[in-house]
**Q** 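Structure incoming, see below.
A note on names: the letters A, B, ... follow the listed sequences, proteins ahead of strands, and every chain is numbered from 1.
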There are 2 protein chains.
Amino acid sequence: MMVDMDEARRHEPRWLSDDEQRVWRAFREAVGMLNAHTETQLQHDAGMPQAYYEVLVELSESPDQVMRMSDLAVATRSSRSRLSHAVARMEAKGWVRREACPTDKRGAFAHLTPAGFEAIKAAAPGHVEAVRTAVFDQLTAEQVRMLGEISDAIRGGLRPRCPEVERRLAAEDGDTADGDGDGDDTGRAA
Amino acid sequence: MMVDMDEARRHEPRWLSDDEQRVWRAFREAVGMLNAHTETQLQHDAGMPQAYYEVLVELSESPDQVMRMSDLAVATRSSRSRLSHAVARMEAKGWVRREACPTDKRGAFAHLTPAGFEAIKAAAPGHVEAVRTAVFDQLTAEQVRMLGEISDAIRGGLRPRCPEVERRLAAEDGDTADGDGDGDDTGRAA
DNA sequence: CAGTTATAGTTGAGCGCTCAACAAGATGGC
DNA sequence: GCCATCTTGTTGAGCGCTCAACTATAACTG
C-alpha cells in the first residue's frame, strides 16, 4: 500500500522518447516563431495584436456585424474577462461599439463600426500574406492536409476547458469523492 | 477590373482558399488550446509560466547549469530584454543566480541553483504528462513524424528574425537606397 | 591612441492577459 | 411570490512581454 501510494501519487511520468522530444521542440519553436512573426506583422502594419484581429474577423463575418459578448468570447476562445478588456480598448479606438441588450438586461452586444471594418480591411492583406508565406508556401499539399488532421486531433483531445471549468472540476475532485450531485458547495467563492 | 487597380498596386493579396482557411483556423485553435492547456497546468502545479520552464530546462541541460545570458536568450528564442526580466524574477524566487563574467565585463552568467533544479524536477512530470496526453496520445506515429516535418518546414521558412534584426534590415534597406520594389507601399503608417 | 561602432545586459513605461471579486439580471424550486 | 443559484459582463491588481532608451564594455578604424 505504501509503495502504491507513492507510485500512484506521482502517477509515474511517461517521458517523451528522443523522437518525441525532437518533434515537440521543433513544434514549439515553429509555433513560437510563427506567432511572433504574425503578431509583429499585425502590430506593426495595422496597430493591433492578433487577438484583436480575430475579434474583428469574427464580428465582420457575423450577420449584422453584431454579436453578444458571450458568443464572441466563445468564438474567439477567450475568457469573458479578456474579451471585456479587449472590447473596451477597441471601443476606445472606435472599432467597436457596445450596446445593451433589451431582452436580457445583463447582456451586451458588440457592434463592428465602419472604422472597425476599415481597420480589418486594411489589415487583412498583409496578415494573409504573412500567413501564406510563412505556412502555406512552405508546405506541400499533403502536408497542409495532414496539418489540418493533426490540428483536429489535438483539438479533439482537449476538451474546451476554460479556467473556470478547470476550477470547478478541481473543486469537485478535492471535495472528497462523489460530488456527483453537481457543485453543492456555495462555490462561487472559489 | 477597376476594383483591382488598387490591389494590383499593392501586389494583390493571395487570399487563402477555403481549405487553407479551414486548416489555418483549426491550427490556430489547436495551438491556442494546447498553449492554454500547458500554460495553465504549469502555472497551477508548479507556479511558473511555460517561458520560465523552458529557461530552466535549457539551464539544466547545460554543462555546469550555467549559461551566458545571450546564449540563453537565443536558446529560448527570447529577446535579451525579456530574458533579463524573466531571470530577475526567477532570481527573486531563488531558482537562478546571476554572476558577472570575468573576461567580458559586460557579460553575465545565469546559474541554475539547487532550488531551481528542484523546481524543474518537480514540474517536469506533470508537464510531460500534459504534453503527452494532449499531443502524442492523440496522434498516430505517422502524424507525429509529419508534425516534425511540418514544423521544420515552417521553422525553415522563418528566418530567425528577432525584432532587432528586423529593424536593422529595415534600416539597411532605407540606408542603401537600393530598395527592392515592394518595400515602398507597405505603409508603416498606422 | 582617440573616435566610432557594435555588443551585453538592464530598465521603465505601457499593454494585454489572468485571476479573483463583484454587480446585477435571469432562472428554477417550492 | 421568495429564495438560492446560475449567468452575463465588468473591474482592479498583478504579471509577463514588447519597445525604446540607456549604461557600460569591447572591438574596429584610421
**Q** Rounded to whole Å, please give me the gap between CD in E91(B) and P in dC15(D).
**A** 17 Å
**Q** Can you tell me how far P of dC19(D) sits from CG of L83(B), to the nearest Å?
**A** 16 Å
**Q** Looking at every non-hydrogen atom in both residues, tell me the closest pair between D152(A) and A26(B) and how far apart they are.
**A**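 Shortest heavy-atom contact: OD1-CB, 3.7 Å.
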**Q** Could you tell me whether the side chain of E91(A) and the main chain of R98(A) form a donor-acceptor pair under 3.5 Å?
**A**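 Pair found, side chain donor or acceptor close to backbone of R98(A).
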**Q** Using whole Å, what does the distance between atom P of nucleotide dG9(C) and atom CE of M69(B) come to?
**A** 7 Å
**Q** For P102(A) and for A51(A), find the nucleotide of DNA chain C with the closest heavy atom, then tell me which residue's nucleotide is more 5'.
**A** A51(A)
**Q** Grab the CG-P distance between L42(A) and dC15(C) for me, whole Å please.
**A**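 Distance, rounded to whole Å: 18 Å.
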**Q** Counting the atoms with a prime plus P, OP1 and OP2 as sugar-phosphate, which does A73(A) contact under 4.0 Å by heavy atoms, base, sugar-phosphate, or nothing?
**A** nothing
**Q** Q50(B) CD to dC17(D) C1': how many Å, rounded?
**A**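 Nearest whole value for this atom pair: 15 Å.
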**Q** Does OP1 or OP2 of dC17(D) have a side-chain N or O of S78(B) closer than 4.0 Å?
**A** no
**Q** Might you list the N or O atoms of the protein lying below 3.5 Å from N or O atoms in nucleotides 11-14 of chain C, with each pair's distance?
**A**
| residue | atom | partner | partner atom | Å |
| --- | --- | --- | --- | --- |
| dT11(C) | O4 | S81(B) | OG | 2.9 |
| dG12(C) | O6 | H85(B) | NE2 | 2.8 |

**Q** Which atom names give the shortest non-hydrogen contact between S62(A) and M67(A), and what distance separates them?
**A**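 In this case the closest contact between S62(A) and M67(A) is OG-CG, 3.3 Å.
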**Q** Relative to the 5' end of DNA chain D, which residue comes earlier, Y52(B) or R68(A), by the nucleotide with the nearest heavy atom?
**A** R68(A)
**Q** Between S151(B) (side chain) and L147(B) (backbone), is there a donor-acceptor pair under 3.5 Å?
**A** yes
**Q** What about R106(A): does its side chain form a donor-acceptor pair under 3.5 Å with the base of dT8(D)?
**A**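 No, the side chain and the base share no sub-3.5 Å donor-acceptor pair.
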**Q** What's the NE2-P distance between H44(A) and dT18(D), to the nearest Å?
**A**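 One finds 13 Å between P of dT18(D) and NE2 of H44(A), rounded.
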**Q** Can you label the angle between the W24(A) ring and the F27(A) ring as parallel, tilted or perpendicular, going by 30° and 60°?
**A**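 Tilted.
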**Q** Measure the distance from CZ on R77(A) to C1' on dT18(C) and round it to the nearest whole Å.
**A**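 From R77(A) CZ to dT18(C) C1': 17 Å.
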**Q** Would a distance-only check, ignoring hydrogens and angles, find a side-chain to backbone donor-acceptor pair under 3.5 Å from Q138(B) to T133(B)?
**A**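 Between the backbone of T133(B) and the side chain of Q138(B) there is a qualifying donor-acceptor contact (under 3.5 Å).
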**Q** If I take atom CG in residue L72(B) and atom C1' in nucleotide dG9(C), what distance separates them, rounded to the nearest angstrom?
**A**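 Rounded to the whole Å, the gap is 13 Å.
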**Q** Sorted by first residue and then second, give each side chain to side chain donor-acceptor pair (under 3.5 Å) pair with at least one member in residues 64-77 of chain B; sequence neighbours left out.
**A**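 Every pair satisfying side chain to side chain donor-acceptor pair (under 3.5 Å) with a residue in residues 64-77 of chain B: T76(B)-S78(B).
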